Amino acid sequence: MKRVIVIGGGVAGMQTALRLADDGCDPLILEKEGELGGKLRDWYVLFPTFTPASEVLAELKGRVIRRGIEVRTSAEVAAFTPHSVTLAGGETLACDAVVVATGFTLFDARIKEEYGYGIYDNVVTSADLERMFAEGRVAKSDGSRPRRIAFLHCVGSRDEKVCQSHCSRVCCITGVKQAMEMKRLFPEADVFNFYMDIRMFGPGYEEMYREAQQRCNIHFVRGRISEASPTIDGRIQIKAEDTLTGRPLKMSVDMLVLLVGMRANDSNARFAAQSGVERSPSGFLAPKSLFLDGVRSTAEGIFYAGTVTAPKSVGECVCEGYAAADAAAEYVKER
Amino acid sequence: MFAAVAWKWGSWLWRLSSDDRRRILKGIPSLATLQAVGETVSESLLHRRIFRVNPLLGYMHMSLAFGWFLLISVGWIETVSYMGFRWVPLQGHVFFKYFATGLPHKPVFEFTMDLLLLFVLSGVALAWGKRLYSRAMGMRRTTRHAWGDRIALSALWFIFPARLAAESLTAALYGGGGFLTGSLGAALDRVADPALLGHAATAAWWFYSCCLGLFFVGLPFSRYMHIFTEIPLIFLRRYRLRSGEKEGAFDRFQIEACSRCGICIDPCQLQQTLGIDDVQSVYFLRDRRYGRLRLATANNCLMCGRCQVKCPVGIDLNTLRLNSRDTMRNIPDERRYEYLKGLDRSQGAGKVGYFAGCMTLLTPRTLRAMERIFGAAGEEVWWADREGGVCCGRPLKLSGETDSARKMVQYNTDLFRKHGITTLVTSCPICLKVFREDYDLPGIEVLHHSEYILRLIRSGRLPVIYGAERYTYHDPCELGRGSGIYDEPRAVIEAVGELLEPASTREHALCCGSSVANTAISDGQQLRIAQAVVQELEATGAETIVTACPLCKKALVRGAKGEVRDLAEIVAAHIR
Amino acid sequence: MAAINFGYTISKPRAIDIDRNNLRKSDEILHEMPELQACIGCGSCTAVCTAGNLTSFNFRKVHTLVRRGEYEGAYEEMNKCMLCGKCRLVCPRGINTRGVAMLIKRKLGDF
Amino acid sequence: MMKRNSWNEYQKQIADDRYYYGRSCIRQNFFPGSEKAFIDILRGDLGKDLLDDPLHSSCTGIGYHSDIVPLETIMTVVARQFALMGEAGYENFVTSCITSFGVYTEVLATWAEFPETEERTRENLFKATGREFRKPASLAHTSDVMFHFRERIAAQAARRLVNAATGEPLKVVEHIGCHYAKIFPKSGIGGSEFPYVLAGMVEAWGGECVDYPERRHCCGFGFRNYLVQANRGYSIANSHKKLESMAPYKPDFIVANCPGCAMFLDKWQYAIAEMEGTTYGENGHGIPVLTYEEMAGLVLGYDPWELGMQMHQVDVEPLLDKMGVDYDPAAKYLGRNGKYIGKPASAVVNCSATDTVYDIRE
């Protein structure tokens with residue numbers, strides 16, 4: 001049986017491995033963390049259905065285990081070629097093809113220091129908030145209930161000032177979802193979403209957006225927050241332009257949630273240099289073609305699945321797992 | 001009771017405007033009085049109009065009203081025949097049977113009275129039935145009443161059964177009675193102990209008199225005030241008194257003449273399609289009468305006029321709703337709309353002026369079609385608002401802002417006069433209605449484009465080809481029920497193709513649901529109404545739905561699978 | 001204390017200060033017509049507006065300011081509206097814009 | 001206290017000795033003791049070599065930011081200063097003015113980005129003056145230098161920024177001029193969002209910085225906003241906004257590193273008090289505004305009148321009392337030679353509720 005190594009054990013990697021097994025290959029998942037699951041492990045519920053992420057993850061992991069797919073955790077990849085993968089420890093594994101499903105890195109909100117993340121209490125990121133939801137303990141740092149919450153879209157997305165020109169796509173709908181969750185937890189609180197554009201690209205997203213506006217009375221203000229500063233009573237004052245009225249706007253909030261974007265992994269540059277694959281200007285790995293070869297790299301025998309090529313939703317990553325596996329299986333059979 | 005009624009009428013009459021009073025004085029010695037008497041008989045007693053809407057319901061109302069009236073008059077004659085021709089009060093008969101037990105029987109009277117009682121009782125039975133199961137009466141919904149009404153209604157319901165019981169028991173004790181009371185009495189006599197019968201008779205007579213008393217005391221303050229109010233209303237209407245855009249004393253006659261029969265509920269599309277059942281005219285009039293009308297109720301009406309054509313009392317429901325909105329919303333503000341000063345964006349010159357209206361500017365195909373029609377007919381046209389104009393004012397009026405509407409009216413009137421037109425054509429029925437009713441345009445003939453196009457066709461100025469298409473026509477409310485234009489659009493359609501009539505048509509036509517008169521229902525609700533209307537129109541099998549209102553067109557097109565066209569469009573497509 | 005005339009005064013801030021604005025009427029308006037929150041600021045209403053064609057009246061801007069608690073001048077501005085209802089026909093979010101115009105006038109005016 | 005350490009990421013090279021000093025155009029009018037204090041501290045207390053060259057000129061920054069002086073001209077003027085520095089045998093340029101600092105930084109950045117502009121400047125300078133120049137080895141603002149030696153000054157301090165009576169640290173509002181790091185965030189210590197240059201001094205000398213909402217807001221000078229009288233309402237509105245925002249924190253004084261900022265935060269307090277009767281400090285007084293040199297001078301035990309603090313619009317005596325500075329009230333309005341220099345009329349900003357306010361127009 002042909003061995004195909006899947007680098008990364010997130011949703012895309014797991015689905016790739018499952019499909020490779022279906023296609024008669026012998027997959028091996030290399031996961032750098034201690035367990036499978038990738039970023040989804042830190043997520044609470046998924047848009048637009050509020051499905052628990054753990055439910056999706058448990059199902060996928062269960063399938064991987066039941067299928068007896070070989071998995072190596074805590075295995076960080078240092079380098080790879082189409083026919084070998086070298087681990088950080090120096091061990092080299094031979095294979096017939098490689099599927100790169102290494103995902104993305106969350107943007108470090110501290111870089112946008114004007115928003116005060118890591119400086120002021122009660123400035124949190126969307127990822128922090130997911131963790132708080134999962135732990136069932138959403139509150140201000142002093143334990144009290146927030147009365148006014150602001151979400152800021154596009155932190156580390158579409159921002160040349162931090163070298164992230166691309167759109168991370170899923171943050172808009174995440175912002176809507178989290179705003180609704182906050183409103184559910186704190187019905188008395190006012191929730192404001194500050195956005196540059198609202199990009200509701202997926203099925204059911206627009207409907208969810210509308211529900212957030214009309215039923216949950218979440219205020220959407222078109223304008224990017226320029227800065228956050230502390231107030232004497234421990235709140236955060238934010239400033240933005242309400243571009244739809246052409247007036248500056250300021251208010252103090254109890255919590256500021258930064259919807260952090262998806263950044264390309266730093267390892268992409270290394271992989272590109274070593275393996276001859278190409279990177280797009282955004283830093284994500286570039287597929288051979290955006291139209292006909294979305295899961296193939298520019299190098300023979302190297303395939304992509306998931307957010308390693310661009311920001312994607314969970315469902316899209318899983319779909320790419322199927323496609324990447326089929327493309328890899330086809331390749332190893334012909335070889 | 002009579003005092004309360006008299007006081008009410010007196011005060012309303014007193015508060016009538018001097019113009020209205022002059023109309024009454026002029027009307028009294030005229031033929032109108034005789035006609036009013038006739039109408040009073042046919043409506044107040046016989047309920048001819050209800051018969052037309054719903055025979056069963058008509059019978060119910062007639063049996064109650066006319067039956068009771070006869071019962072009172074025949075009873076009075078009976079009393080008189082016993083007591084001789086001395087002064088017998090009208091109500092003298094009520095307890096006659098109770099007090100006059102020892103008198104000789106007059107079988108003719110007893111038979112007649114029993115027959116009448118049966119007549120009334122059949123009506124009561126129907127009323128009970130209507131409450132229990134309104135569908136059997138051909139009404140999907142019946143009125144939900146206020147507490148005062150329920151008491152009066154219950155009293156009314158029990159008056160006649162109580163009278164039957166009382167008279168039967170009396171007949172059982174003392175004999176006599178007709179085929180109904182007599183035979184019932186005889187039956188009772190056979191089965192029951194006379195002492196018990198005696199007590200029962202006393203109780204029944206007491207119950208009867210209580211019900212009667214309760215009813216008459218409650219009458220002026222309940223819906224039964226209509227029994228008496230309809231009569232002066234008929235007279236005043238014959239004397240050409242009308243409700244206007246501001247509330248007036250005459251409105252009170254109209255409001256209290258409402259019997260809350262609930263006939264207005266069924267035709268209401270808000271009820272039919274959306275299940276909204278607390279805003280219909282009956283509830284509106286009730287709330288207004290008792291001074292608890294809310295804006296939400298006043299606003300939630302399409303003002304399509306479907307209920308008005310069905311109203312058995314002929315109450316001017318739309319106008320009353322309009323002037324309620326005026327009371328609630330009108331703000332006289334002289335500084336409003338100052339920007340209208342000196343504005344004139346009109347184009348061209350000609351004796352014929354064309355006013356597209358705001359909505360037609362959103363249906364440019366209609367506008368282009370009118371341009372073609374004018375061109376083909378060789379008409380020189382002055383275009384009032386092709387490059388944006390000022391609203392006709394009707395939407396503001398419909399919203400109750402009548403003073404603001406006056407500003408629009410004044411502006412457009414000045415504009416029309418300034419450009420010296422003799423004919424004003426509009427393709428918007430909303431504009432048409434306000435032009436005809438509220439604009440003072442001497443020397444300018446106002447025409448809806450359907451009327452104008454028909455003239456062109458009939459005079460040979462616009463030669464059209466008869467095609468093979470089949471059309472169905474949707475009557476716009478403001479054009480049909482609002483302005484009485486039903487035939488012209490139909491004649492125009494028939495000149496270019498085959499016309500198929502939908503199930504509800506002409507004065508019973510449905511409203512598209514997007515009426516500017518309603519600011520309460522949501523977009524989704526408007527759409528549902530439009531879909532229901534389209535369903536009926538498409539059921540005709542026609543390929544194209546034709547209407548003659550840009551707003552109706554916009555509304556219907558949302559729900560339609562096939563094409564929706566303005567009248568002008570199909571004509572323009574058939575110009576030879 | 002007699003103030004000195006410096007030839008200028010302290011300019012009023014242009015910023016909408018949500019902390020200072022009284023949002024009661026805004027809340028009432030949104031409570032009565034929650035659909036107004038569904039506005040996505042596309043501007044169709046303003047583009048099609050009969051009054052906006054003749055004046056600087058901007059329905060979208062006025063109702064957005066009202067939602068932020070900026071009521072000053074909103075009533076006067078809203079009174080430029082002719083209630084013709086074209087905006088309602090074009091709103092992609094199906095907002096009952098005529099209802100909104102009437103509601104704002106009612107809440108901010110002397111009704 | 002703020003969890004702030006991001007300033008560490010914005011560090012720059014500051015020379016240790018041998019400075020060529022560029023003065024400000026306007027400071028000597030409003031805070032005449034400050035530049036002298038800087039020279040005295042550097043030469044006297046720290047033993048550094050600093051050249052105060054009388055040949056150097058205005059950088060023309062005010063004209064530049066008011067759209068009067070074109071870019072080519074200002075580049076040539078800057079080049080001339082560098083030429084003078086080279087001729088004097090120095091290569092570390094320090095300037096007393098934030099706008100100058102911004103101008104020098106901008107010009108150097110422009111030359112680096114567009115080398116042809118540097119070439120043209122060389123030609124222009126040579127044509128105009130016959131001089132040639134070398135770019136400085138280091139460019140710093142004088143507050144950067146003071147920040148650089150903050151620990152040494154702390155070691156030599158005669159007193160600290162604490163309330164002498166209670167021992168509590170003084171609450172200080174630090175205000176950084178916009179041109180310090182807002183144009184080129186990497187040119188300032190701590191970057192543009194959380195500049196640390198003044199905060200570092202305050203903390204090193206025992207004070208405590210106040211983090212108030214409008215901390216980053218401009219003082220309102222804005223060049224055209226002040227210079228055109230019709231726009232002055234906007235200028236004062238900016239200071240007004242800052243003062244409103246900081247007042248709840250009850251700061252003991254304001255320290256600024258920009259000539260314009262110190263002046264406007266000081267003088268606009270007077271104007272606001274006269275216009276509206278509003279004051280923002282203790283007991284109905286204004287909040288004293290210090291330059292960082294004055295602050296350093298007080299810490300090192302200089303006499304406040306030697307530092308020129310009698311020239312402030314808002315009286316500094318309440319602060320001096322709080323810090324336990326020994327001063328002679330009678331000497332306040334005596335000039336360097338002991339001659340009476342005149343006394344300003346009383347103003348609302350310096351009167352407590354119990355004071356009598358005189359109308360200065362009388």
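Residue numbering restarts at 1 for every chain, and letters A, B, ... go by the order of the sequence lines. No experiment lies behind these values; they were computed from the predicted model shown.
With a 4.5 Å cut-off on side-chain heavy atoms, B:L551 and C:L89 count as touching. Between B:R394 and C:C84 the shortest side-chain heavy-atom distance does not fall below 4.5 Å. Side-chain atoms of C:R106 and B:L295, non-hydrogen and from C-beta on, do get closer than 4.5 Å to each other.
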Side chain to side chain donor-acceptor pair (under 3.5 Å) between B:R345 and C:N53, intermediate numbers included: CA-CA 11 Å; B:R345 292 194 180 178; C:N53 194 17; 3.3 Å; yes
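For chain B, the nearby parts of C:A51 are the backbone and the side chain; heavy atoms of each come within less than 4.5 Å. Only the backbone of C:C81 comes within less than 4.5 Å of a heavy atom in chain B; its side chain stays farther off. Only the side chain of C:V90 comes within contact range of chain B, judged by heavy atoms closer than 4.5 Å. Using a 4.5 Å cut-off between heavy atoms, B:A405 makes no contact with chain C at all.
Minimum interatomic distance between B:C391 and C:M82 (heavy atoms only, all atoms of both residues): N-SD, 3.3 Å.
Chain C is approached within less than 4.5 Å, heavy atom to heavy atom, by B:D523, B:Q526 from residues 523-532 of chain B, ordered by number.
Here OG of B:S522 is found 9.0 Å from CE of C:M33. Values are rounded to the nearest 0.5 Å.
Note on residues 68-78 of chain C: pairs passing salt bridge (charged side-chain N to carboxylate O under 4.0 Å, His left out), not counting sequence neighbours, are A:D242-C:R68, A:R247-C:E70, C:E77-C:K80.
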